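In this chain, residues are counted from 1 in sequence order. As the structure is a prediction and not an experimental result, all values here were calculated from the model.
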Amino acid sequence: MHAIKKVFHKVGPVSEDIKIPVNAEFADLKGKLDMTSTALKTLETNIKQAEKEWKSIFETEAKALEEVATRYPEGDATRDSAKSFSDAAYAMLKQYQERSVAQMDYHVIADKVKGYIAEITALGPDYTKLESLRVEYEMYSGKMKGLESKDPKNEKGEHKLHRNEEKLASAKSAYEEKLQAVTSRQKELLNLMQSGFKAAFTSFFLLQAYMMDAMDSNGKPIYDYSEKYKTAMLAEGVSVMAASDIGK
């Protein structure tokens, strides 16, 4: 019966004179933590997506260059170049795969961010319990105002009033204790907000740095070739190249 009364109280209109508003500090802290969690989840998703896309780039490039080297119809210098490009691309992929298996630093840091998000999320049941206690406190507050507005006519009425005074005091104490515990935990987590974002940024940029390092460490044949022929390739057409340059 008590649970049913709470449900009806929660969904029904509550007069201003008995309303126990949601604590402003609690609401502010909750809003900031919710925003923090959402933002960090976005970065976490982007890290996973970026890693997936880098892997796809390496795999696609390696397979494409291998096929070109295989299908090139002559055994000349251009075929040798294509083979070296394929080897370089596979070396990039291998370096990426070896670092992934070894759990690169950015994975370790990303796990810390994931853990921080989980701690914020873990406040959910506490929020639910706090709201339940607030409603109960508000319900007894309203009940007491109703009883106090009436003149108890006998001992039974006096006993009922006293019993509800005790319930109100107990409900108020339970709510305030829970509010204190929850806001204290919220502040602890919010104090870690900057560290959480620093970890997320570091993880994301380390991922990019490792992938670019894989390219820099293995891509010299590709880059050198591109620099060598860039000027000629920017000309109006391939036919303007000197015949002696073709295939070098």
Pair Lys41-Glu44, salt bridge (charged side-chain N to carboxylate O under 4.0 Å, His left out): steps then yes or no: CA-CA 5 Å; Lys41 284 178 181 177; Glu44 184 182 31; over 6 Å; no
Mind listing the closest non-hydrogen atom pair of [X] and [Y] along with its distance?
X      : Y      : value
Val22  : Ala27  : CG1-CB, 4.3 Å
Ala214 : Gln95  : CA-NE2, 3.4 Å
Phe85  : Leu65  : O-CD1, 3.5 Å
Phe26  : Asn23  : N-OD1, 2.9 Å
Ile47  : Leu207 : O-CD2, 3.5 Å
Tyr223 : Asp216 : OH-N, 4.1 Å

Ile222 side chain near Glu227 side chain, heavy-atom distance below 4.5 Å: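 In short, these two side chains do not touch, never coming nearer than 4.5 Å.
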Min side-chain heavy-atom separation Val182-Gln186 under 4.5 Å: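 Of all side-chain heavy-atom pairs linking Gln186 with Val182, at least one is under 4.5 Å.
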Are the side chain of [X] and the backbone N or O of [Y] linked by a donor-acceptor pair below 3.5 Å?
X      : Y      : answer
Thr38  : Asp34  : yes
Ser84  : Ser81  : yes
Thr70  : Glu66  : yes
Ser86  : Ala82  : no
Thr183 : Gln180 : yes
Asp111 : Lys114 : no
Arg185 : Leu123 : no
Ser37  : Leu33  : no
Ser203 : Ala199 : no
Asn191 : Lys187 : yes

Hey, is [atom1] on [X] packed in by over 12 heavy atoms from elsewhere, all under 6.0 Å?
X     : atom1 : value
Met35 : CE    : no
Glu74 : CD    : no
Gln49 : CD    : yes

Electrostatic pair Glu51-Lys48, nearest N-O below 4.0 angstrom: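 Salt bridge absent between Glu51 and Lys48.
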Worked check of side-chain contact (heavy atoms from CB on, under 4.5 Å) between Asn218 and Tyr90: CA-CA 9 Å; Asn218 303 285; Tyr90 272 112; over 6 Å; no
Derivation of the side-chain contact (heavy atoms from CB on, under 4.5 Å) call for Phe197 and Val113: CA-CA 8 Å; Phe197 278 98; Val113 177; over 6 Å; no
Test log, rule side-chain contact (heavy atoms from CB on, under 4.5 Å), inputs Gln208 and Met212: CA-CA 6 Å; Gln208 309 301 323; Met212 287 187 280; 4.0 Å; yes
Modelled atom types, side-chain donor and acceptor of Tyr210 and Asp105, under 3.5 Å: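 A donor-acceptor contact under 3.5 Å links the two side chains.
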CZ on Phe58 to CE on Met215, rounded to 0.5 Å: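 Reported value, rounded in 0.5 Å steps: 6.0 Å.
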Test log, rule side-chain contact (heavy atoms from CB on, under 4.5 Å), inputs Glu177 and Ser173: CA-CA 6 Å; Glu177 285 179 13; Ser173 177; 3.3 Å; yes
Candidate pair Tyr140 and Glu166, rule side chain to side chain donor-acceptor pair (under 3.5 Å), full reasoning: CA-CA 10 Å; Tyr140 279 116; Glu166 290 180 340; over 6 Å; no
Salt bridge (charged side-chain N to carboxylate O under 4.0 Å, His left out) between Glu67 and Lys63, intermediate numbers included: CA-CA 6 Å; Glu67 185 169 350; Lys63 289 177 181 178; over 6 Å; no
Test log, rule salt bridge (charged side-chain N to carboxylate O under 4.0 Å, His left out), inputs Asp224 and Lys228: CA-CA 6 Å; Asp224 288 349; Lys228 181 176 180 180; over 6 Å; no
Whether Tyr137 and Tyr175 hold their rings parallel, tilted or perpendicular, with breakpoints at 30° and 60°: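 Rings of Tyr137 and Tyr175: tilted, 30 to 60°.
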Distance flag, aromatic centroids of Phe205 and Tyr106, threshold under 6.0 Å: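 Ring centres of Phe205 and Tyr106 not closer than 6.0 Å.
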